[in-house]
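These notes are about the structure you will find just below.
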Amino acid sequence: MPDRRILVTSALPYANGHIHLGHLVEYIQTDIFVRFQKLRGHRAIYLCADDTHGTAIMIRAKAEGRSEHDLISGMREAHLADFAGFQIAFDHYGSTDSPANRTLCGEIWQALRDRGLVVSRDVQQLFDPQAGVFLADRFVRGTCPKCSAADQYGDSCEQCGATYSPADLVNPVSTLSGATPEVRSAEHLFVTIETLHSFLETWTTSSGALDPRIANYLAGHFLGEPLRDWDVSRPAPYFGFEIPDKPGHYWYVWFDAPIGYIAATSEWCVAHGESLAAWWHRGGGNDPPAEIHHFIGKDITYFHTLFWPAMLEAAGLALPTKVRIHGFLTVNGQKMSKSRGTFLMARTYLDHLDPAALRYYYAAKLSGGIDDIDLNLEEFAAKVNADLVGKVVNLASRTARWLETTGLATTYPDDGGLFARAAADGAEIAAAYEQCDFARAMRAIMLAADRANAYVDAEQPWKLAKAGAAAAEKLQQVASVALNLFRQITVYLAPVLPRLAEQVGDLIGGPIRSWDESQQPLVGLPVGPFQPLMRRVEATQLEALLAAAATQPPSPATLPPQGTATMTESATDSGEPLAAEPLAPECTIDDFTKVDLRVARIIAAEEVPEARKLLKLTVSLGGDATRTVFAGIKGFHEPAALIGRLVVVVANLAPRQMKFGLSEGMVVAASGAGSPGVFLLSPDSGALPGMRLH
RNA sequence: GGGCCCGUAGCUCAGCGGUUAGAGCAGGGGACUCAUAAUCCCUUGGUCGUGUGUUCGAAUCACACCGGGCCUACCA
């Protein structure tokens with residue numbers, strides 16, 4: 001069979017935040033798919049990159065008092081470390097802020113220009129005069145013009161459901177500076193994708209790239225009417241690429257982000273002496289033509305199924321073979337939530353648990369559909385322990401030791417057809433992998449493990465071992481069968497559990513390189529000393545994970561957009577913290593006003609290596625007023641994540657000489673019974689350093 | 001308001017027109033002791049959300065309704 005050439009991408013993670021377990025659904029899914037294709041002998045490359053541009057990056061960099069490039073290079077390191085921890089094996093990991101991407105953006109832009117698809121138009125937008133930037137809808141809040149509900153987003157009201165322009169808001173406020181935004185007019189460039197309407201209609205419905213449900217959704221929501229022009233530029237200041245033929249204007253982040261797929265390919269090609277044209281140009285005599293598979297989450301469906309193919313079509317580039325869309329992750333049946341302590345970062349997970357456990361659990365849950373998948377922690381532990389530890393790894397654990405001295409039998413014994421049966425199942429398992437129905441693949445694999453365990457039980461090798469020399473040959477045969485069945489299963493699991501596959505190679509037969517190794521048993525080979533291959537998931541580990549998640553500092557980057565709070569949880573709040581620390585004696589208003597509490601911004605934070613509990617913070621009270629404060633929050637807050645945060649400080653506290661320096665104030669934080677940790681207080685957005693608490 | 005998805009054993013799900021509806025986990029009983037208290041055998045448990053229809057035959061198809069979710073919205 002002719003090998004396929006398969007280019008695979010995951011959506012580019014935004015450089016504004018760290019990787020969490022929701023992101024990992026996609027990267028693990030994609031990684032399994034790519035590893036499977038490689039194991040099958042196909043030419044597959046897995047490409048990804050950091051998505052680095054846009055307003056959010058610019059604002060965060062400003063808040064943290066550093067350059068955008070500093071911010072995105074730091075985040076890139078963090079992303080790569082998290083991915084490596086989960087054994088996500090990219091062939092290349094680029095950045096949308098790369099020269100290659102700038103060049104490709106220019107080329108595609110020129111193609112759009114040449115086809116007359118770019119038009120210019122003035123847009124009225126709110127401008128923050130203090131921050132000096134145009135404001136995206138979500139950076140403006142104000143009173144709903146319809147129902148007068150306070151503190152609503154710039155584009156819609158969560159109280160009455162009305163939609164409007166941010167300019168219609170009553171008393172609009174910039175969430176960046178607290179200033180009152182003003183309406184300004186600015187020129188924007190648009191792509192008239194309506195010109196490609198009939199192409200998109202055809203492509204979405206009959207290219208085979210999309211699930212019919214998605215095609216139907218697009219037909220209903222977008223393609224049933226003329227497509228609106230797509231706004232692809234932003235006026236300065238903006239962090240991104242300046243448009244060459246439009247100085248002072250930048251490509252909108254969603255223009256250059258998908259082109260990052262091509263840029264990453266380009267960089268990979270340079271490193272491997274390949275031609276970019278062989279992957280992204282149409283026809284060109286490439287044999288076989290490259291397949292392009294994009295894995296994305298359902299939230300970015302329309303960028304990848306309308307704008308992106310439209311851009312590729314206009315530029316004459318290859319179109320996606322498949323856009324594979326997955327759902328979101330819930331934890332214990334609910335959205336990941338900071339307040340419930342279920343907002344699980346990749347790093348936090350890695351601190352407590354084996355990445356293989358999550359890879360397997362996700363594989364067992366993913367069936368290729370767009371439904372959300374749930375990480376139920378109890379089920380997670382039960383499934384990993386029962387399937388991987390109890391069934392699969394246990395096969396080796398219970399038989400390998402009998403072969404340490406003798407090695408595998410020189411001819412494969414009669415096993416009642418077990419190996420042949422599982423070998424035959426390989427076709428169905430492969431088909432399931434190919435369709436991204438990993439859940440079906442895992443079920444089929446576990447059936448093979450069940451049959452193997454039943455075989456061991458029936459043959460009772462432990463009795464043969466006691467029978468001594470008389471039964472030695474039979475014992476070797478039984479153990480050889482069991483170990484072969486085990487290795488066969490690990491071949492099937494190799495795309496999901498690459499680490500296990502490696503370790504099994506050390507035990508017996510060398511590295512697993514090909515799916516075909518599931519078709520032939522091994523004979524006559526030495527067997528290495530058995531070492532534990534995978535540990536059980538313990539309840540205490542899960543508890544530690546949740547405790548760590550609960551005390552994570554809420555990094556602004558990872559916070560979901562702040563909706564109107566619906567405080568429904570107070571009814572169930574425990575009385576424990578109050579009981580543990582009863583109220584202090586009554587005080588007067590004069591007593592209170594002696595304490596001068598101020599909003600301050602953390603502008604520097606560093607470890608104090610010799611201190612057990614202290615971090616050294618520099619806080620700004622606005623203007624030139626800064627203070628050095630030692631805060632007892634070490635271990636609960638990462639210094640880097642604190643920078644830029646607003647906190648509350650006791651500003652008139654008498655300075656105190658500490659072992660490590662002079663502390664000129666105190667950062668206010670909550671702690672007590674009920675939950676370990678120290679919780680910093682943050683003012684509502686809009687508060688400014690120097691404001692007093694009254 | 002519209003669109004889509006889901007509703008099958010306590011839990012997670014498979015089955016998607018054809019014999020008495022299945023698996024894993026959980027529960028109950030037994031076996032075994034090689035193994036990370038793992039494994040194996042037996043077993044309890046379901047009016048397949050409700051109703052009407054199509055059919056020789058429906059969990060499986062159609063329609064309506066109920067319940068849950070997602071998306072989107074004064075126009076699909």
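Just so it is clear, the model here is predicted, and its values are computed rather than measured. Convention: sequence-line order gives letters A, B, ...; per-chain numbering from 1.
Taking the side chain of A:Glu225 as heavy atoms from C-beta on, and the options B:rC13, B:rC75, B:rU36, the nearest nucleotide is B:rC75. Side-chain proximity of A:Ala386 to B:rC70, B:rA38, B:rC25: nearest is B:rC25. Among the nucleotides B:rU36, B:rA14, B:rC70, the one closest to the side chain of A:Arg443 is B:rA14. Of the candidate nucleotides B:rC34, B:rC13, B:rU36, B:rC34 has the atom nearest to the side chain of A:Arg401. Residue A:Lys391 places its side chain closer to B:rC25 than to any other of B:rU36, B:rC34, B:rC25. Closest contact between the side chain of A:Ala454 and the listed nucleotides B:rA35, B:rC25, B:rC40 involves B:rC40.
Nucleotide B:rG18 forms a Watson-Crick or G-U wobble pair with B:rC56, both donor-acceptor distances falling under 3.5 Å. Pair assignment for B:rU47: none, as no Watson-Crick or G-U wobble contacts are both less than 3.5 Å. Under the Watson-Crick or G-U wobble criterion, with both distances below 3.5 Å, B:rC34 is left unpaired in every strand shown. Nucleotide B:rC70 has B:rG3 as its partner under the Watson-Crick or G-U criteria, with both atom distances under 3.5 Å. Both distances falling under 3.5 Å, in either a Watson-Crick or a G-U wobble arrangement, place B:rC25 opposite B:rG10.
More than 12 heavy-atom neighbours from other residues, nucleotides or ligands sit within 6.0 angstrom of CZ on A:Arg451.
With C1' as the reference atom, B:rU36 and B:rU44 are 30 Å apart, rounded to whole Å. B:rG67 sits 10 Å from B:rU50 when the C1' atoms are compared, rounded to a whole Å. Comparing the C1' positions of B:rA58 and B:rC16 gives an interatomic distance of 10 Å, to the nearest angstrom. Separating the P atom of B:rA59 from that of B:rU19 is a span of 11 Å, rounded to the nearest Å. A distance of about 23 Å separates the C1' atoms of B:rC5 and B:rA9, rounded to the whole Å. Between B:rC71 and B:rA26, the two P atoms lie 34 Å apart (nearest whole Å). Comparing the P positions of B:rU60 and B:rU8 gives a spacing of 13 Å, expressed to the nearest Å. Between B:rU47 and B:rC70, the distance separating the two P atoms is 29 Å to the nearest Å.
In this entry the distance linking CG of A:Asp374 with C1' of B:rU12 reads 10 Å, nearest Å. Protein atom CD of A:Gln435 is 14 Å distant from nucleotide atom P of B:rA14, rounded to whole Å. Following rounding to the nearest Å, A:Asp387 (CG) and B:rC13 (P) show an atom-to-atom distance of 15 Å. In this structure, CD of A:Gln541 is placed 13 Å from C1' of B:rU36, rounded to the nearest angstrom. In this structure, A:Asn453 places its CG atom 11 Å from C1' of B:rC34, rounding to the nearest Å. Between the CG atom of A:Asn385 and the C1' atom of B:rU36 there is a distance of 9 Å, rounded to whole Å. Rounded to whole Å, the distance from CD on A:Glu538 to P on B:rA37 is 9 Å. Atom CG of A:Asp457 and atom P of B:rU33 are 10 Å apart (whole Å).
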| remark: Scoring nucleotides 2-7 of chain B by protein non-hydrogen atoms under 4.0 Å (B base, S sugar-phosphate only, - none) yields B-SS--
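Among the atoms of the strands shown, none is found under 4.0 Å from any heavy atom of A:Lys383. Within the 4.0 angstrom heavy-atom criterion, no nucleotide atom of any strand lies near A:Met446.
A cation-pi arrangement is absent between A:Arg359 and A:Phe86, since the terminal nitrogen or guanidinium carbon is not both under 6.0 Å from the aromatic centre and inside a 45° cone about the axis. A cation-pi geometry, defined here as NZ or CZ lying under 6.0 Å from the six-membered ring centre and within 45° of its normal, does not hold between A:Lys383 and A:Tyr360.
Nearest-nucleotide positions on RNA chain B for A:Gly224 and A:Lys466 put A:Lys466 closer to the 5' end. Projected onto RNA chain B by closest heavy-atom contact, A:Arg535 and A:Arg440 fall at different nucleotides, the more 5' of which corresponds to A:Arg440.
Look at A:Arg536 and you'll find a side-chain N or O under 4.0 angstrom from OP1 or OP2 of B:rA38. Proximity of A:Lys463 to the phosphate of B:rC32: no side-chain N or O atom is located under 4.0 Å from OP1 or OP2.
Of the residues listed (A:His294, A:His293, A:His326), the one engaging A:Phe33 in a ring pair (Phe, Tyr, Trp, His ring centres under 6.0 Å) is A:His293, and it is the only one. No option in A:Leu542, A:Asn385, A:Asp374 other than A:Leu542 meets the side chain to side chain contact (heavy atoms under 4.5 Å, CB included) test with A:Phe380.
Classification of A:Asp229 and A:Arg121 as a salt-bridged pair holds, one side-chain N sitting under 4.0 Å from a carboxylate O. The pair A:Asp450-A:Lys391 meets the salt-bridge criterion, with a side-chain N (NZ, NE, NH1 or NH2) lying under 4.0 Å from an Asp/Glu carboxylate O. Salt-bridge check for A:Arg443 with A:Asp437: failed, with every basic side-chain N at 4.0 Å or more from each acidic carboxylate O. Under the 4.0 Å criterion applied to side-chain N and carboxylate O atoms, A:Glu379 and A:Lys365 are assigned as salt-bridge partners.
Judged as a side-chain hydrogen bond (donor to acceptor under 3.5 Å, both in side chains), and not counting sequence neighbours, the contacts of A:Glu194 are A:His197.
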